[in-house]
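Take a look at the structure set out below.
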Amino acid sequence: ENFTTVYQLLSEMVDSGSAVTTDTSVLRGLVPVPSLVDRVIENVSGIGIRSEKRPDVNTSSTPWRSQGIRHANNEFFVDIVERIDAIVGADGSVVSYDVSGDISCKSRLTGMPELLLVLNRAEAMDDVAFHPCVRANKWQAERVIGFVPPDGQFKLASFHVATDAAPRLLPLHLHATVSRQQDQSHIIEIAADAGQSGKRPVEKIQVRVPLPAQAYNIRVQCKAGTHTVSNVRSPQVEWSLKSLGPTERGARLTIQYLVRASSATAASAPQVLSPSPGSNQSALAAFVDFEVAGYSVSSIKVDSLKMLVESYKLFKGVRYVTKAGSFQLRF
Amino acid sequence: MMNAAIQTNFARLQIVKQKVLAALRKGENYELKTELNSEYKERRKEAVRRVIANMTVGKDVSGLFTDVLKNMHTDDLEIKKLIYLYLINYAKTQPDLVILAVNTFVKDAEDTNPLIRALAIRTMGCLHVQEVLDHLTDPLRKCLKDPSPYVRKTAVMCVAKVYNLSPAVAEENGFVEDVRKALSDANPMVISNAVTVLTEINEIAPGQNVWRLDKSSVPVLLVAINECVEWGQIAILEALADYTPQGEKEAESICERLLPRLQHANGSVVLTTVRLLLKYEKYVHRADLLSQFTKKMVPPLITLLSSEPEIQYVALRNINIILQRHPKMLSKEIRVFFCKYNDPIYVKYEKLDVLVRICSERNTEPLLNELKEYAREVDVDFVHRAIQAIGRLAIRYESSAEKAVKLLIELLQLKVNNVVQDVVVVLRDVFRRYPQRFADVVPTLCEHIDFVNEPDAKAALIWILGEYSEHISNISSLMGASLESFLEEEDEGVQLALVNSAVKFFLKNPKQGQALVLKALQTATEKCANPDVRDRAYIYWRLLSADPNAARSVALVEMPPVELESASLSPALLEELITELGSVASVLQKPARLFVYKKADKAGVPRDTDMESAAGAESGDSNVGVSGGGIDTSNEGEPELLISF
């Protein structure tokens with residue numbers, strides 16, 4: 001349906017096999033964005049509104065921002081989202097831990113403002129990648145982010161927190177025990193307690209436990225939160241907790257299941273193996289998701305945001321969120 | 001008689017069916033034809049859209065060429081673009097008709113709207129028709145000096161296409177010279193496109209030395225690179241990487257100017273910068289600078305590993321190569337490479353390889369624990385590699401051998417079939433490296449003898465039985481049991497191992513072993529089908545009968561120590577791959593000249609080219625483009641070609 005737009009985009013992006021322009025704001029200036037309103041008007045009145053506009057070519061020194069932007073309320077919002085990638089062992093020990101984050105901004109500013117964003121712990125970031133609008137020399141020299149923002153939503157920078165810059169804080173502490181009963185069923189118990197989250201509640205907690213394909217007769221019990229058992233491609237159990245306050249403890253999930261001995265293992269082992277076909281048949285890991293609003297695990301915060309060049313009053317806002325990236329609990 | 005009648009009727013039906021279908025198709029094309037010639041602009045627009053839609057799905061709409069052409073003089077930019085697309089597609093099959101379009105192109109190249117000028121030039125360049133070329137030269141010349149940078153940059157790219165079609169025309173008209181001048185253009189986009197084009201031309205005509213980056217252009221490029229789009233940066237980085245710096249000072253200054261590029265979000269920019277730094281290493285001699293560069297390379301490479309799995313894979317393959325030049329570079333970051341449970345299997349394999357490479361003496365303990373976790377996973381091949389890795393670590397670092405053996409025994413006791421086989425083979429190698437050190441483990445090993453059923457594992461186990469026979473209490477019954485199945489045992493390795501071990505056992509323990517060795521040698525010499533085994537048995541028999549001491553010195557001798565190192569590339573290959581770091585060649589770990597073909601020599605003579613694999617971290621996709629016009633003409637005669645830009 002939108003194939004004409006696709007063709008136009010492709011012709012702008014790639015020229016004889018070499019990529020030319022992939023910046024979305026530049027492309028938006030070159031190729032008309034299909035919108036429902038335009039299409040309706042075109043169909044109803046038979047006039048192609050789009051054909052009248054001649055898109056302008058923007059090759060100025062700030063291609064991401066066109067001239068003459070006006071807004072009634074001048075506002076600039078900064079969102080610092082940090083992600084924790086970790087592997088936690090069953091006893092709660094941290095096997096691997098990594099924090100990376102993004103600074104996203106939403107800009108509604110008039111004219112061509114120049115902004116200066118100063119962070120409190122710039123040295124904690126050991127690898128930062130910036131939007132092309134950021135002046136790299138300023139960062140090299142003074143470790144501040146100077147930039148002319150594009151209009152609207154954009155990602156200013158993505159960074160990685162140096163491994164020795166911050167202690168390994170976990171907003172959620174998880175433990176797991178795996179055991180087998182007399183009747184050969186497997187039991188997994190997962191306990192979740194609030195950890196260090198800057199006195200903020202940990203929200204939108206979701207623990208996903210994939211079970212081996214031959215599992216059946218799955219029984220789940222949970223203390224706090226809700227659980228669902230699904231069987232799309234292979235069985236899995238999902239446990240959701242709306243929030244866990246900073247001092248709450250005692251949320252538990254118990255899963256009990258049986259495993260069918262698969263015909264594959266029976267065929268390849270002519271001898272009689274012991275009744276438990278080995279640990280390759282049990283669940284091995286759980287994937288965890290959570291969000292802590294208002295908390296920055298690396299304690300990187302915005303010190304100040306100044307504006308140069310333009311002289312109007314600017315409304316600023318900053319938000320911090322710490323999320324789980326690829327967070328895995330290993331049994 | 002009946003059959004013949006049926007046959008002819010059937011044949012007639014076929015012909016009728018073809019005619020009906022043709023009429024139907026003709027009907028659709030016919031319908032489009034009328035629409036294209038309608039007097040209402042809207043209906044013509046809609047018809048053009050439908051023509052292009054048909055073309056995209058592969059239907060043949062070439063018969064509508066002239067009608068589509070009539071619509072070319074439109075003010076509507078969208079329709080113009082579509083018609084140009086159509087022309088590009090069918091230009092090769094209808095070159096004479098394309099000439100009719102040329103007038104419109106030339107007119108468009110002088111349009112007031114820079115977008116249209118650029119569009120005209122770009123399309124004319126893509127047409128690849130010799131006759132059009134002559135008409136193209138004038139507009140192209142004007143556009144190369146166009147006031148709008150957008151038009152200039154497109155015109156520059158067009159020169160590459162012209163060169164591809166006819167190098168003579170390009171040179172005669174001074175286009176190549178114009179592109180060289182464009183290197184000092186005011187607009188960085190034009191500069192970077194000029195670099196791309198000149199590099200391409202260099203590759204199309206390798207002998208001619210059309211362009212060599214010289215000292216005067218370097219500062220211009222260094223300034224331009226900061227303002228370019230990521231793809232332009234890559235082109236400039238590659239050109240600089242190929243450049244030979246004049247002297248140490250220049251090399252140092254170039255490297256320092258380009259260090260900030262390591263912080264770009266685009267993975268390809270990072271990898272190409274790494275390529276440049278690695279290449280310039282031989283020109284920079286200051287040790288502190290060199291170590292600074294190596295240190296600065298580490299964080300961006302690690303960040304690449306938190307992207308999508310495809311990018312992780314490309315990054316890991318490149319890291320593999322980089323590590324062969326700088327083995328100690330990533331030793332502190334071992335935890336980053338731990339495999340996550342839901343990583344795709346190809347990423348896990350690469351991570352495992354890197355983990356073993358970068359492990360140092362201090363990290364063996366945590367890594368061994370990790371490897372034990374991996375050995376519990378489901379994928380058989382991955383488990384195999386993990387267990388092999390445990391063995392490698394044990395052999396490489398003596399201090400970790402004890403822990404490794406302990407882990408291997410723990411894995412053995414899980415009694416999982418494939419794990420047991422792998423563990424036994426690896427244990428044999430570890431025992432060989434540290435003779436007689438882990439003898440206490442052997443009885444536990446023997447308890448699991450029933451689980452060993454693969455030939456490699458059996459051979460390994462039998463070797464262990466022979467070596468450590470004095471530590472095993474029920475050795476004669478175990479060996480006897482294996483001998484029972486000697487003849488059914490197909491695998492040569494197992495048979496040889498049995499013969500060897502029987503002899504060894506006898507030599508260490510003549511009383512118990514006598515019957516056993518006799519039986520073994522007898523079966524081997526008389527009934528075994530394999531000549532190798534028979535010969536071996538004969539030799540042993542004669543040795544034993546003639547001179548047991550000589551036999552002792554043959555059979556019981558200490559074996560040379562075994563090394564299990566990771567596969568490494570030869571130094572020459574490594575050098576070559578480093579010059580192609582960040583491209584498909586480094587992912588395949590084969591130099592580009594082995595798999596890229598120049599279109600002219602279809603006989604299959606490969607040529608030197610880089611195939612760009614641009615890994616854009618923002619878009620998360622992988623684009624592959626062949627620089628040098630390879631893709632355009634290789635699709636001759638394929639009506640389902642949709643896009644050749």
Side-chain angles (χ1 to χ4, degrees), chain A residues 3-4 7-8 10-11 14-23 26 30 32 46-48 50-51 54-55 57 59 61 85 87 95-98 100 126-132 136 140 155 158 160 162-163 212 265 268-271 273-274 276-280 284-285 287 325-326 328 330, chain B residues 42 45 49 52-53 56 75-78 81-82 85 113-115 122 126 148-150 154 157 160-161 187 189 196 226-227 229 231 260 263-265 299-300 302-303 306 335-336 338 340-342 370 373 376-378 414-417 450-451 614 616 619 623 625-627 629 631-632 643 645:
Chain A
F3 72 94
T4 48
Y7 268 130
Q8 290 184 62
L10 278 171
S11 73
V14 178
D15 191 347
S16 283
S18 1
V20 175
T21 312
T22 50
D23 191 70
V26 177
L30 292 170
I47 306 169
R50 285 183 277 157
S51 59
R54 290 265 173 107
V57 148
T59 44
S61 62
D85 294 327
I87 303 182
V95 174
S96 94
Y97 181 88
D98 207 50
S100 54
D126 69 357
D127 183 37
V128 198
F130 291 112
H131 190 278
Q140 290 276 74
K155 194 156 87 161
S158 42
H160 177 262
T163 31
T265 47
S268 63
Q271 311 95 317
L273 291 175
S274 55
S276 61
S279 59
N280 282 7
L284 287 178
F287 303 103
S326 144
Q328 190 181 310
R330 213 186 249 176
Chain B
E42 270 314 300
K45 258 180 67 173
R49 282 206 201 109
I52 302 296
T56 317
D75 276 339
D76 188 343
L77 199 54
E78 182 192 327
K81 286 189 192 171
L82 289 176
L85 183 66
N113 186 345
L115 270 187
R122 185 161 58 217
C126 288
S148 157
Y150 181 74
T154 320
M157 294 299 274
K161 299 174 205 157
N187 184 302
M189 292 277 304
T196 317
N226 289 330
E227 320 217 350
V229 184
W231 316 108
Q263 312 223 328
H264 201 283
I302 303 235
T303 315
S306 345
R335 281 178 199 271
V336 181
F338 282 176
K340 306 209 171 51
Y341 185 66
N342 52 349
E370 267 301 288
E373 291 296 327
R376 291 173 51 207
E377 286 212 11
V378 180
L414 293 175
K415 298 188 176 39
V416 177
N417 194 19
D450 295 323
F451 299 109
S619 60
N623 281 340
V626 177
S627 53
I631 264 189
D632 285 339
I643 305 165
F645 283 97

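Labels below follow one simple rule: chain letters A, B, ... track the order of the sequence lines, proteins then strands, and each chain is numbered from 1. What you see is a predicted model, and the numbers here were worked out from it, not measured in a lab.
Note that the OG1 atom of B:Thr303 and the CG atom of A:Asp126 stand 6.5 Å from one another [nearest 0.5 Å]. With rounding to the nearest 0.5 angstrom, the CD1 atom of A:Ile87 is 9.5 Å from the CD atom of B:Glu373.
At least one donor-acceptor pair under 3.5 Å links the side chain of A:Gln328 to the backbone N or O of B:Tyr341. Between the side chain of B:Arg335 and the backbone N or O of A:Tyr97 there is no donor-acceptor pair closer than 3.5 Å.
In this structure, the portions of B:Asn342 lying under 4.5 Å from any heavy atom of chain A include both its backbone and its side chain. In this structure, chain A has heavy atoms under 4.5 Å from both the backbone and the side chain of B:Ala53. Interface remark: B:Ile52 contributes backbone and side-chain atoms alike to the contact with chain A (heavy atom separation under 4.5 Å). With a threshold of 4.5 angstrom between heavy atoms, A:Ser326 approaches chain B through its backbone and through its side chain.
Under the side chain to side chain contact (heavy atoms under 4.5 Å, CB included) criterion, A:Val128 pairs with A:Met125, A:Phe130, A:Trp139, A:Ala157, A:Phe159, B:Gln263, not counting sequence neighbours.
Counting heavy atoms from C-beta outward, B:Arg376 and A:Arg330 have side chains that stay 4.5 Å or more apart.
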